[in-house]
Amino acid sequence: MYEPVSNKVDFSESEQSVLEFWKENGTFLKSVEARKGADEFLFYDGPPFATGLPHYGHLLAGTIKDIVPRYQTMRGYYVDRRFGWDCHGLPVEFEVEQDLEISGKTQIEELGVDVFNERCRSIVLRYTSEWRSVVTRMGRWVDFDRDYKTMDPSYMESIWWVFKSLWDKGLIYEGKKILPYCPRCSTPLSNFETNQGYEDVTDPAITIRFKLKNEDNAYILAWTTTPWTLPSNMALAVGKDIVYARIEDKGSVYYMAKDRVSVYYRDEDEYDKMTELRGDELVGKTYEPIFPYFAHCSDEGAFRVLAADFVSTGDGTGVVHIAPGFGEDDYMLGMKEGLPAVCPVDAEGQFTDEVSDYAGRRVKEADADIMKRLKAEGKLVHRSTIVHSYPHCWRCDEPLIYRGISTWFVKVEQIKDRLVEANKEIKWVPGHLKDGRFGKWLEGARDWAISRNRYWGAPLPVWRSEDGEEVLCVGSIAELEKLGGREVKDLHKHHVDKIEIPSKEGRGMLKRVPEVLDCWFESGSMPYAQAHYPFENKDRFEAHFPADFIAEGLDQTRGWFYTLMVLSVALFDRPAFRNVVVNGMVLAEDGRKMSKRLKNYPDAMYMLDTYGADALRLYMINSPVVRAEDLRFSEDGVKHSLRHLLIPLWNAYSFFVTYANIDGWSAGDGSSGVSTNVLDRWIRSSLETLVADVATAMDGYDLQRSVRPFVRFIEDLTNWYIRRSRRRFWKSQDDDDKSQAYQTLHHVLVQLSKVAAPFLPFISESIYRNLRSEGSPESVHLCDFPIADGSFRDHTLEEAMSLVMTCVRLGRQLRSEHNLKVRQPLSVLHVVTRNSEIIDSIRELKDIIADELNVKKVAFGDHETELATLSAKADFRQLGPRFGPKVKVVAKAISEIPSNELERIVEGDSVSISVDGEEVELGPNDVVIERIPHDGLVVACEGQILVAIETALTDELVEEGLARELVNKVQNMRKEANLDVTQRIRVDVSGGEDIKRAVESNMEYVQTETLCVECSFPESSAGSEWEINGHPCRIEVIPVQVEA
RNA sequence: GGGCGUGUAGCUCAGUCGGUUAGAGCGCAUCCCUGAUAAGGAUGAGGUCCCUGGUUCGAUUCCAGGCACGCCCA
């Protein structure tokens, strides 16, 4: 006896009880442990920040991260899955700053780095329990109890090892780089961070005149949107090949790009004279500094006109103001020309004493005064504003400034070739990312800035003497303890900064450099750090690196995918992962980003409560989002996957259980004899095909393709196999056929639950748990993934069944077109085709056609020309290459071939036709035959198959039609009265003689169909009124007790 | 501004290694079925396969240019 199954299931509730079962039995860990000792399938889980709650992007990636490991586990691999947390970094610091209502370096240091960092530690795991509950509810199996945290001492120690290894290889250097910098957070931002905060803002746009030396009253005009960088101006840049204008205007001379003149002078009358010159004629001129602060830099070559290829005439004056301390192009040019990169701005974005007049003021706030002064001094030529896209801090929304920052780098450019090589070993899904987005990114890779001037992160393990001459990199806790002479428990900044190391060269005490590492360096170190390599797990790690599989979103191309690669190549000259599945972005249904503020998407917990995790998983996986395309998330889509897959699957299962229980059938032990029934053989074959298709797609990490065959199979199972087999389950004799039906359906459902298990872990568990036989594993997730059994596959049968479905569809089309309802039996259906193979393969299945279309007989014939006219069209695929340009003429000739000639071609002969006086030989493969049903006949066709129905009705057929109608009404009444499916009844029918006669001559049929033990025909009855094929009648259904 | 991706029915998406009739589901209309009922089936309407050029006997598919959207990077 199976647990009774309602066909009205609450999936969410059912999933909850599966979760309970897993929890009580430790099923997840069992599934992992069961494979201990087997080959390992290595999965790396990228760590999310725990400071935010999970969103659909996480649920999607999480689902992919669940399906693949579940699948590989079922394939027999040992798949460890540890969750991880990204604990460090600006997001945490920012939250603490907000909590404490402080901001910036000064206030943090006033408060104390120890207080600040401990506060960070205390909030960083704030949402871990929410994560755990959502991830678990999604059905994702991942070990939260053995999670790794980037702030664990062991994790941080491995980071030090990574850093030291790179240091020893000469891949780390300290340099200066112009970086986007947030004055409020007092930190440079990474490129990925910068990009999150572009906003349109209005900035000043001013044109300034620089007075040239050695030329009276001559000025060169430059344009800028950052007046505060003007005190740091070191040069002006022009384009060598750009055409410039020399304009004489009221005794003064101005230089600017010719293309830009019209912006400043509306009319030629406004100036006196214009001559043209090329940019390189300007190069080498010198000018007077507009501010006095760095006038001494002229000794070092400042205040010259230089040539640069980044100069354009798109805006401004075609002359670029160069401040090497505040712009990347400027810096590069300055390096090349030996200019000083002055940077008179402190960590909080305020002018230093070097710029005495504005010292202590925020640079942007000084813009107005600077402009006022320039105007007063007659240096400001033009002033307006510009609306442009400018980067802002993604956390605090402060406009960023670009400035030179002392920064530590990894020499990525030096190992670029090896990165590109290593990428060749990786399988990317979708494939285009490999040479496309990721490959291109590697080819253009730049050195990677890895340090942050912040607090809550893994400190750089670098100690340095005050004079900067002696530098030491520490690679482990033990080493630091030895060098520093004290115990070390915690590697965070506020602990290790207290440790000083005595110099070996007599330079006093070495102190740690202040920076901490970028959290991307930390997450990129995950393969080593989560295992505390090389301090622990050395052999195991080395035997199993790199990972077989990772999966994250497209946004990680420049993030985790990249940092993993850089570090693994730097350390081991290998990629860190072999296969990667990249998912796209989950957008709201309106195509915009999901936004909490706009509430343009349904809450995830609501979705889970309403439709369940299986439906949500299925919806996401069966979409192009698993191939890095965008997904517009829609609740209807989730509903759809529920209705079209989960409910039908559940109904099939519930159908089986209901009747198996009625019959007291249960899966026998062993005797899984091969069924002889054609439907059984067909569904078994289809099942094996499904298994093979799913496995092939999964082995190629193509999740969408692996899910798609389920749709077809469920369709075949419910709408064909079960519907066609129902009577085999209902019939009262317990014969072999019935037993084979049960056995087949049972087998299919159990195997299907295994195939579906990685994708739909809940419903498959429910089905499996109820249907499993004694002695088999207690959970579907402890089973092996089915291996396609070729001996059960019968391609010919699958093909034939598909032809049968075509015949049935054509038959239905005919009935529908000619208004012949299916309940009315008809005498003969003709299936006509010339192809005898088709006839042979269908013949065995003709009862299905007869029953499906309610016809007494299916006749096969090959005289298709009696029913349809043949016409031919050229097969361009064949004839195109053969005839080239002449193909059109040949095609026309083919369309004019008479029907009798065509028949010969159909028979397999070759026919010769004349085209432009040339004989052309045509074989059966050269033409496509089309069949046009003759008018007035009840004929339909598709491909090579024609179907025709004889519509004439005999008295017998009419009576049978009436009987069927009656049965239909009775069934409706049974249902209306909520009768149990086994309830016996008595039926009273009062109506005309026609009905009585119809029922009497089909009495056995009526009785079996309706479980009616007695049928009587009183003059009148109290029953409800019906009309049956135009005959009014009354029917009464009376439940009766039958002795067993 | 650059790189990558996407653009196919009202909507969500398949597909086309170049072949003349481009598919599915949803939605809509009409009908059928009803012991799968949060169902099921049939039929119909609905498409310049983003645009423009090129290659070709033939382009929705390949190439080039453009447009729109998205992501990433400047």
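Naming convention: chains lettered A, B, ... in sequence-line order (proteins, then strands); numbering from 1 in each chain.
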Undergrad: May I ask you to say what A/Asp10 touches in the nucleic acid, namely base, sugar-phosphate or nothing, with a heavy-atom cut-off under 4.0 Å?
TA: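 Touches a base.
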Undergrad: So what does A/Tyr653 hit on the nucleic acid, given a heavy-atom distance under 4.0 Å: a base, only sugar-phosphate, or nothing?
TA: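 Here A/Tyr653 touches no strand at all.
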Undergrad: Using atom C1' of each nucleotide, how far apart are B/G10 and B/G46 to the nearest Å?
TA: 8 Å
Undergrad: What is the separation between atom CH2 on A/Trp441 and atom C1' on B/G2, rounded to the nearest whole Å?
TA: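 So the CH2-C1' distance, A/Trp441 to B/G2, works out to 12 Å.
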Undergrad: For B/A68 versus B/U52, give the span between their C1' atoms, rounded off to a whole number of Å.
TA: 15 Å
Undergrad: Closest-nucleotide mapping onto RNA chain B: is A/Glu965 or A/Ala652 further toward the 5' terminus? I mean the 5' end.
TA: A/Glu965
Undergrad: Apply side-chain contact (heavy atoms from CB on, under 4.5 Å) to A/Ser12 and list each qualifying residue two or more places apart in sequence or on a separate chain.
TA: A/Asp10, A/Arg137, A/Asp609
Undergrad: Between atom CG in A/Leu645 and atom C1' in B/G25, what is the gap in whole Å?
TA: 12 Å
Undergrad: Does B/U43 pair with anything, Watson-Crick or G-U wobble, both distances under 3.5 Å, and if so, with which nucleotide?
TA: B/A29
Undergrad: Using both distances under 3.5 Å as the test, list the Watson-Crick or G-U wobble partner of B/G1, or none.
TA: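 Its partner is B/C73.
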Undergrad: Base, sugar-phosphate or nothing for A/Arg446? Non-hydrogen atoms, less than 4.0 Å.
TA: nothing
Undergrad: Is there a donor in the side chain of A/Asn854 and an acceptor in the side chain of A/Arg815, or the other way round, less than 3.5 Å apart?
TA: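 On atom types as modelled, these side chains do not qualify, holding no pair under 3.5 Å.
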Undergrad: Within the sub-3.5 Å range, which N or O atoms of nucleotides 41-44 of chain B have a protein N or O partner, and how far apart are they?
TA:
unit_1: B/G41; atom_1: OP1; unit_2: A/Asn719; atom_2: ND2; d: 3.2
unit_1: B/G41; atom_1: O2'; unit_2: A/Arg812; atom_2: NE; d: 3.4

Undergrad: If each of A/Lys886 and A/Pro648 is mapped to the nucleotide of RNA chain B with the nearest heavy atom, which maps nearer the 5' terminus, i.e. the 5' end?
TA: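 Comparing both residues, the 5'-ward one is A/Pro648.
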Undergrad: Contact class for A/Thr557 vs. all strands (heavy atom < 4.0 Å): base, sugar-phosphate, or nothing?
TA: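 Touches nothing.
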Undergrad: Taking the same atom, C1', in B/G15 and in B/U60, what whole-Å distance lies between them?
TA: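 The answer is 11 Å between these two C1' atoms.
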Undergrad: Do A/His640 and A/Tyr619 have ring centroids that are under 6.0 Å from one another?
TA: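 When the ring centroids of A/Tyr619 and A/His640 are compared, they turn out to be at least 6.0 Å apart.
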Undergrad: Using whole Å, what does the distance between atom P of nucleotide B/C33 and atom CD of A/Gln824 come to?
TA: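 Rounded to whole Å, this separation is 11 Å.
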Undergrad: What is the base-pairing partner of B/A24, counting Watson-Crick and G-U wobble geometry with both distances under 3.5 Å?
TA: B/U12
Undergrad: Would you say A/Lys873 places a side-chain N or O within less than 4.0 Å of OP1 or OP2 belonging to B/G19?
TA: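 No, outside the criterion.
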Undergrad: Which part of the nucleic acid does A/Arg708 contact within heavy-atom distance under 4.0 Å: base, sugar-phosphate only, or nothing?
TA: sugar-phosphate
Undergrad: CD of A/Glu443 versus P of B/C73: gap in Å, rounded?
TA: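 Spelled out: CD on A/Glu443 to P on B/C73 is 18 Å.
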Undergrad: What integer number of Å spans the C1' atoms of B/A74 and B/G54?
TA: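 It works out to 33 Å between them.
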Undergrad: Select base, sugar-phosphate, or nothing to describe what A/Asp875 touches, counting heavy atoms under 4.0 Å on all strands.
TA: nothing
Undergrad: According to side chain to side chain donor-acceptor pair (under 3.5 Å), who are the partners of A/Glu852, at least two apart in sequence or on a separate chain?
TA: A/Arg723, A/Arg724, A/Arg812
Undergrad: Provide, to the nearest angstrom, the distance between the NE2 atom belonging to A/His640 and the P atom belonging to B/A14.
TA: 14 Å
Undergrad: Output one line per pair: protein atom, nucleotide atom from nucleotides 58-66 of chain B, and distance, for all N/O pairs under 3.5 Å.
TA:
none

Undergrad: Output yes when a side-chain donor or acceptor of A/Ser641 lies under 3.5 Å from a complementary backbone atom of A/Ala615, and no otherwise.
TA: yes
Undergrad: Counting only Watson-Crick pairs (N1-N3 plus N6-O4 or O6-N4) and G-U wobbles (N1-O2, O6-N3), all under 3.5 Å, who is the partner of B/A64?
TA: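 WC or wobble partner is B/U52.
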Undergrad: What is the distance, to the nearest angstrom, from the CG atom on A/Asp555 to the C1' atom on B/C73?
TA: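 Result: 14 Å.
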Undergrad: So which nucleotide from B/C72, B/G35, B/A38 ends up closest to the side chain of A/Asn972?
TA: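 Nearest to the side chain of A/Asn972 among the choices is B/G35.
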Undergrad: Who passes ring pair (Phe, Tyr, Trp, His ring centres under 6.0 Å) against A/Phe326, sequence neighbours left out?
TA: A/Trp228
Undergrad: Side chain of A/Pro624 only, please: which of B/C4, B/A14, B/G19 is the nearest?
TA: B/A14
Undergrad: Given atom OH of A/Tyr562 and atom P of B/C73, what is their separation to the nearest angstrom?
TA: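 Rounded to whole Å, this separation is 12 Å.
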Undergrad: Can you see if the side chain of A/Arg877 gets near the phosphate of B/C57 - specifically, an N or O under 4.0 Å from OP1 or OP2?
TA: no
Undergrad: Distance between the C1' atoms of B/U16 and B/U8, in whole angstroms?
TA: 11 Å
Undergrad: Looking at residues at least two apart in the chain, or sitting in another chain, which of them share a side-chain contact (heavy atoms from CB on, under 4.5 Å) with A/Val711?
TA: A/Asn622, A/Leu645
Undergrad: Over all strands shown, is A/Arg705 touching base, sugar-phosphate only, or nothing at heavy-atom distances under 4.0 angstrom?
TA: sugar-phosphate
Undergrad: State which residues pass side chain to side chain donor-acceptor pair (under 3.5 Å) with A/Glu1009; sequence neighbours excluded, sorted by chain then number.
TA: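 A/Arg727.
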Undergrad: Using the P atom in both, what is the distance from B/U55 to B/G70, to the nearest Å?
TA: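 About 35 Å, rounded to a whole number of Å.
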Undergrad: Keeping A/Asn661 on the side-chain end and A/Tyr2 on the backbone end, is there a donor-acceptor pair under 3.5 Å?
TA: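 Yes, the answer is positive, given that a donor and an acceptor are paired below the 3.5 Å cut-off.
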Undergrad: Counting only Watson-Crick or G-U wobble pairs whose two distances fall under 3.5 Å, which nucleotide matches B/G58?
TA: none
Undergrad: Could you tell me which nucleotide pairs with B/G18 by Watson-Crick or G-U wobble geometry, both distances under 3.5 Å, or answer none if nothing does?
TA: none
Undergrad: With sequence neighbours left out, what residues match A/Asp693 under side-chain contact (heavy atoms from CB on, under 4.5 Å)?
TA: A/Thr689, A/Pro709
Undergrad: When the aromatic ring centroids of A/Phe561 and A/Trp428 are compared, is their separation below 6.0 Å?
TA: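 Ring-ring flag for A/Phe561/A/Trp428: true, centres closer than 6.0 Å.
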Undergrad: Would you measure the distance from the C1' atom in B/A9 across to the matching atom in B/A22 and give it in whole Å?
TA: 11 Å
Undergrad: Contact class for A/Gly637 (heavy atom, under 4.0 Å): base, sugar-phosphate, or nothing?
TA: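 The answer is nothing, as A/Gly637 stays clear of every strand by at least 4.0 Å.
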Undergrad: If the P atom of B/C31 is compared with that of B/A14, how far apart are they to the nearest Å?
TA: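 These two P atoms come out 35 Å apart once rounded.
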Undergrad: Write out a two-atom table: protein N or O, nucleotide N or O from nucleotides 5-12 of chain B, distance below 3.5 Å.
TA:
unit_1: B/U12; atom_1: OP1; unit_2: A/Arg632; atom_2: NH1; d: 3.3

Undergrad: Can you sort out the partners of A/Arg403 under salt bridge (Lys or Arg N to Asp or Glu O under 4.0 Å), two or more places apart, ordered by chain and number?
TA: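 Scan of A/Arg403 (salt bridge (Lys or Arg N to Asp or Glu O under 4.0 Å), adjacent residues dropped) gives none.
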Undergrad: Of the nucleotides B/G35, B/A74, B/C4, which one has an atom closest to the side chain of A/Arg974?
TA: B/G35
Undergrad: Suppose we screen for side-chain contact (heavy atoms from CB on, under 4.5 Å). Which residues come up paired with A/Thr718, at least two apart in sequence or across chains?
TA: A/Pro648, A/Ala652, A/Ile714
Undergrad: With sequence neighbours excluded, tell me which residues meet ring pair (Phe, Tyr, Trp, His ring centres under 6.0 Å) with A/Tyr181.
TA: none
Undergrad: Take the protein atom CD1 of A/Ile178 and the nucleotide atom C1' of B/A74, then report the distance between them rounded to whole Å.
TA: 15 Å
Undergrad: Walk me through it: do A/Tyr653 and A/Asn770 pass the test side-chain hydrogen bond (donor to acceptor under 3.5 Å, both in side chains)?
TA: CA-CA 10 Å; A/Tyr653 160 60; A/Asn770 197 9; 2.9 Å; yes
